[in-house]
Amino acid sequence: MDQYVIGPSIGIARVGNSPDAFYLAPETTGGRPLACDAQGQQLFDRGQPIHVEQYKDPEGRIKRQAARFGVYALAADGSTREVTLDDPQVANVQWTVHLANKKAAWYNFQELQGNLLLGPDNSYEKVGVPLRNANVTNEQQRQQLIIDPGPRTLDGRGGVADFSRDSIPPDYRYGSFPPPPSQGLPVNTLGEMRTDQQGRLLVLGGYGHAGGNQPITSFAGADGWHDDIADGPVTCSLTFKNGQVLTLNAWCIVGSPKFAPELENIVTLDDLVFDVAVRDLGLLPALFSNNRYNPDYVANYSRDIEPILKRPAGYRWVASVPALNSFSPPPFDATDASERTAEYRQAYFRLFRNPGDNGFTDGQQGQLFDGDSGIPMMPLNSGSNSVSNAVLAKFLTLTRTQYFLLGQWAAGKFSLDAPAALPGVTALDRASVGNCVGGPLCPGIEVTWSLYSPELYEAPFRIRHRHDESYYYQYGLDPRENETVPGLAFQGCEPGDLTKRMAIPWQADFFQCTVQYVNFTDPEVNKQDGVPKAPTYYAYWWPPQSPWNVLPGDASEVSQYQSGIPSALQSIYSRGINSFSEMIQAWHYLGFITNEATGPYRSLFPYFVETERNNDRFVAASVAVAGAGNAVTGADANFFNTWYLAPDPQRPKVDTRLAIPKRGHLAR
């Protein structure tokens with residue numbers, strides 16, 4: 001008998017400031033998003049999907065990314081068949097979505113503090129992490145800090161429903177939106193839902209609005225602020241003509257734009273969720289059971305190994321990491337399981353840090369160099385806490401399951417066969433979260449370390465719904481419930497739970513989370529007197545999501561005059577945006593890093609450059625720099641290129657006082 005599921009199980013929408021234009025989320029990891037018409041109907045050319053080529057509308061505004069959900073029948077042989085309103089056996093497909101933003105009602109983000117997977121003594125209460133907006137002590141008022149438009153329901157074809165302030169259901173008495181802010185832009189909607197002509201669901205997020213009343217001085221944001229990031233449950237009622245009705249569940253996350261859509265993180269959210277599914281949810285007993293990995297398990301090369309070997313090479317387009325360029329892909333035949341390459345495979349594997357038993361703070365998270373070779377260990381990203389001196393995790397590691405499988409490859413225990421389907425998991429499930437950050441998680445980009453908690457899941461890759469909608473009509477959303485408490489296996493999540501630990505507004509973290517100076521000699525210290533303790537190593541956070549070094553693609557006379565820089569001169573991605581406040585004002589002026597190669601060998605010989613940057617919204621300038629002991633003269637000066645935001649009375653007001661960190665944005 002077929003198993004019916006919603007695919008993807010976790011859909012990813014992304015904000016954009018274009019009022020009308022949007023596209024569909026990619027359906028492969030590292031794939032291009034899919035083009036659609038104004039109603040959300042996917043576009044094809046001679047039977048082939050048309051991919052997005054422009055991520056901004058004609059006015060230079062960023063298009064939103066829609067998460068598209070469908071119903072799929074999974075057969076016992078692993079095959080998958082989509083079920084739509086065109087199916088002769090289907091009478092109706094009804095969708096309900098409830099997005100919310102709980103950020104303002106939750107605790108301040110404090111790196112790994114509050115993560116109960118590190119033990120009960122690491123709870124928010126015991127380590128003294130304060131609530132956001134702690135001056136709001138009345139429980140009813142704290143509930144009103146939640147942005148909660150209430151649920152919306154659609155069925156049939158071509159429907160539209162807003163998640164807006166003006167469309168809160170009359171009988172949903174807990175609906176709430178923040179009051180108009182003194183800075184930034186008001187949040188009046190969390191987006192909308194649509195159905196296409198086959199009855200599939202599309203969920204679109206908001207417009208990237210953020211508003212508040214205080215200056216922002218931290219990557220975690222500030223009290224009094226709100227943004228339109230959101231998440232929440234997706235429910236489908238599938239009715240067959242024989243009278244059978246099935247209720248199916250999924251989840252939607254609304255995140256910030258992914259400015260390098262085709263580049264992959266070394267550790268993706270798919271890797272994280274796969275690790276939880278293997279270790280805690282019994283996804284592959286042959287790989288992991290009785291609390292241990294099977295030492296005889298044969299890894300699958302294309303599914304388990306090749307992504308680890310190839311992803312670091314993609315960083316060269318968004319970060320300057322020469323060590324990664326020589327490391328990825330390996331300079332030997334990685335598909336050869338014979339003794340001929342055994343020495344190379346094992347040497348390569350030794351260069352990856354061991355994540356240890358808990359995957360967060362033990363193992364080799366603080367080790368920079370391999371003791372035998374003197375080579376920096378992999379990955380060369382910051383860890384989930386290279387920022388504060390509490391619960392340190394200095395450098396990124398693979399997940400425990402990734403690390404084990406790479407070890408099997410090093411031992412020659414791998415197969416080149418096509419990977420078998422995972423039970424109950426669709427390809428869409430993996431691809432959707434495969435385009436999100438799975439590490440480091442400080443806090444992350446789309447979600448954070450809470451996704452490691454098995455209490456969140458009802459099955460591999462599927463988030464458990466905490467309550468049905470009738471409960472929220474009676475009680476509303478809980479501003480204090482902690483969905484990560486160990487042992488509550490049937491707890492699950494409320495709307496807004498997956499994103500409530502993220503920075504508020506998201507632009508604050510996006511501005512500062514690019515590179516990090518990481519101390520690598522003192523295992524107990526990250527910072528001294530508020531600054532990274534020397535000696536430090538220059539590490540990156542998540543370049544595919546938040547690029548740092550890019551190649552501008554301005555190749556015409558006019559575009560170079562506006563950009564003030566030659567084509568392909570490696571440049572700072574955020575140039576011209578010099579503070580938290582300016583990122584809140586101008587995030588949508590930034591460009592997209594896209595593969596401009598064409599033809600049949602596009603993926604073999606990529607050429608990723610920055611495109612669609614709103615250069616007209618910046619002023620390119622040269623600053624004279626003289627010798628340290630000399631005055632600036634025409635005979636004794638160099639000139640350094642720099643950029644500023646162009647004057648624009650239409651930009652939302654944001655207070656710039658105290659907005660720039662003392663040490664700049666290179667180190668948190």
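Along the sequence shown, residues are numbered consecutively beginning with 1.
What you find for Q42 and P49 is that their closest heavy atoms are NE2-CB, 3.5 Å. Considering all non-hydrogen atoms of both residues, I229 and G255 come closest at CD1-C, 3.7 Å. Residues V203 and C252 come closest through the heavy atom pair CG1-SG, 3.7 Å. Annotation for L441 and S384: closest pair N-OG, 2.8 Å, computed over non-hydrogen atoms. Listed here is the closest heavy atom pair of P233 and H465: CB-CE1, 3.4 Å. Closest approach of P33 to P261, counting heavy atoms only: CD-CB, 4.2 Å.
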Worked verdict on F327 versus F352 for ring pair (Phe, Tyr, Trp, His ring centres under 6.0 Å): CA-CA 11 Å; F327 190 86; F352 280 82; 5.7 Å; yes
Chi angles and distances behind the side-chain contact (heavy atoms from CB on, under 4.5 Å) call for W95, M193: CA-CA 9 Å; W95 299 94; M193 63 184 289; 4.1 Å; yes
Test side-chain contact (heavy atoms from CB on, under 4.5 Å) applied to T195 and D155, step by step: CA-CA 7 Å; T195 54; D155 57 7; over 6 Å; no
side-chain contact (heavy atoms from CB on, under 4.5 Å) evaluation trace for Y540 with T514: CA-CA 6 Å; Y540 292 81; T514 47; over 6 Å; no
Trace of the side-chain contact (heavy atoms from CB on, under 4.5 Å) decision for K394 with Q367: CA-CA 8 Å; K394 297 195 176 192; Q367 185 171 336; over 6 Å; no
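Electrostatic pairing of D86 and R157 counts as a salt bridge here, judged by a charged N lying under 4.0 Å from a carboxylate O. The pair E306-K310 meets the salt-bridge criterion, since a charged nitrogen lies less than 4.0 angstrom from a carboxylate oxygen. For E446 and K258, the salt-bridge test fails: no basic side-chain N is under 4.0 Å from an acidic carboxylate O. Between R81 and D2 there is a salt bridge, with a side-chain nitrogen of the basic residue lying less than 4.0 Å from a carboxylate oxygen of the acidic one. A salt bridge between R464 and E455 is absent, with no side-chain N of the basic residue lying under 4.0 Å from a carboxylate O of the acidic one.
The aromatic rings of F414 and W409 sit tilted relative to each other, their planes meeting at an angle between 30° and 60°. Ring geometry for F510 versus F259: interplanar angle of 30 to 60°, hence tilted. Taking the six-membered ring where the residue is Trp, F404 and Y293 present parallel rings, their angle staying beneath 30° rather than reaching 60°. The aromatic rings of F274 and F461 sit tilted relative to each other, their planes meeting at an angle between 30° and 60°. The aromatic rings of Y452 and F360 sit perpendicular, their planes meeting at an angle over 60°, well past the 30° parallel limit.
Side chain of Y573 to main chain of G591: a donor-acceptor pair is present (N/O by atom type, distance under 3.5 Å, no hydrogens or angles). Here the side chain of D45 pairs no donor or acceptor atom with the backbone of I50 at under 3.5 angstrom. Side-chain atoms of R64 come within 3.5 Å of backbone atoms of G205 as a donor-acceptor pair (strictly under, hydrogens ignored). At least one donor-acceptor pair closer than 3.5 Å links the side chain of R345 to the backbone N or O of A337. The main-chain N or O of Y55 is found under 3.5 Å from a side-chain atom of E612 such that the two form a donor-acceptor pair. Counting only distance, with no hydrogens or angles, the side chain of R68 and the backbone of A25 share no donor-acceptor pair below 3.5 Å. A donor-acceptor contact shorter than 3.5 Å links the side chain of N435 to the backbone of T28. Panel note: side chain Q89, backbone N242; no donor-acceptor pair is recorded below 3.5 Å. Between the side chain of Q408 and the backbone N or O of P295, at least one donor-acceptor pair lies under 3.5 Å. Remark: side-chain polar atoms of Q65 are not paired, donor with acceptor, to backbone N or O of Y23 under 3.5 angstrom.
Counting heavy atoms from C-beta on, the side chains of S256 and Q545 never come closer than 4.5 Å. Between L551 and F608 the shortest side-chain heavy-atom distance does not fall below 4.5 Å. A 4.5 Å side-chain heavy-atom check between T84 and V90 finds every atom pair outside the cut-off. Side-chain atoms of L283 and P423, non-hydrogen and from C-beta on, do get closer than 4.5 Å to each other. Between F592 and I62, some side-chain heavy-atom pair lies under the 4.5 Å cut-off. The shortest side-chain heavy-atom distance between L396 and V267 falls under the 4.5 Å cut-off.
Under 3.5 Å, the side chains of S320 and N549 contain no donor-acceptor pair of N or O atoms. With 3.5 Å as the limit, one finds no donor-acceptor pair spanning the side chains of Q39 and D196. Between S450 and T484, the side chains place no donor N or O within less than 3.5 Å of an acceptor N or O (distance only, hydrogens not considered). With 3.5 Å as the limit, one finds no donor-acceptor pair spanning the side chains of N265 and T268. Under 3.5 Å, the side chains of S415 and N300 contain no donor-acceptor pair of N or O atoms. In this model, a donor atom of one side chain and an acceptor atom of the other lie less than 3.5 Å apart for D429 and T426.
Note that CG of N249 is 11.0 Å distant from CD1 of I463, once rounded to the nearest 0.5 Å. Rounded to the nearest 0.5 Å, atoms CG (L99) and CH2 (W251) are 9.5 Å apart. Taking OG from S328 and OH from Y348, the interatomic distance works out to 5.0 Å, rounded to the nearest 0.5 Å. With rounding to the nearest 0.5 Å, the separation of OG1 in T594 from OH in Y607 is 10.5 Å. Distance check, rounded to the nearest 0.5 Å: SG of C493 to CZ of R466 gives 9.5 Å. Between the CG atom in N92 and the OG atom in S237 there is a gap of 7.5 Å [rounded to 0.5 Å].
Y4 and F240 have their aromatic ring centers within a separation under 6.0 angstrom. You'll find the ring centres of Y297 and F288 outside the 6.0 Å limit.
Atom CD of E53 has 12 or fewer heavy atoms from other residues, nucleotides or ligands within 6.0 Å. For N290, the CG atom counts as loosely surrounded, since its 6.0 Å shell holds 12 or fewer non-hydrogen atoms of other residues, nucleotides or ligands. With a 6.0 Å radius and a threshold of 12 heavy atoms from other residues, nucleotides or ligands, K413 has its NZ atom above the threshold. At most 12 non-hydrogen atoms from other residues, nucleotides or ligands lie less than 6.0 angstrom from CG of D357. Enclosure of atom CD in E343 is not indicated, since only 12 or fewer non-hydrogen atoms of other residues, nucleotides or ligands lie within 6.0 angstrom.
Considering T401, N294, D304 in turn, T401 is the only one that fulfils the side-chain contact (heavy atoms from CB on, under 4.5 Å) rule with L287. Exactly one residue among Q198, R200, Q197 makes a side-chain hydrogen bond (donor to acceptor under 3.5 Å, both in side chains) with Q41. That residue is Q198. Paired with D271 under the rule salt bridge (Lys or Arg N to Asp or Glu O under 4.0 Å), one option of R430, R311, R303 passes, and it is R311.
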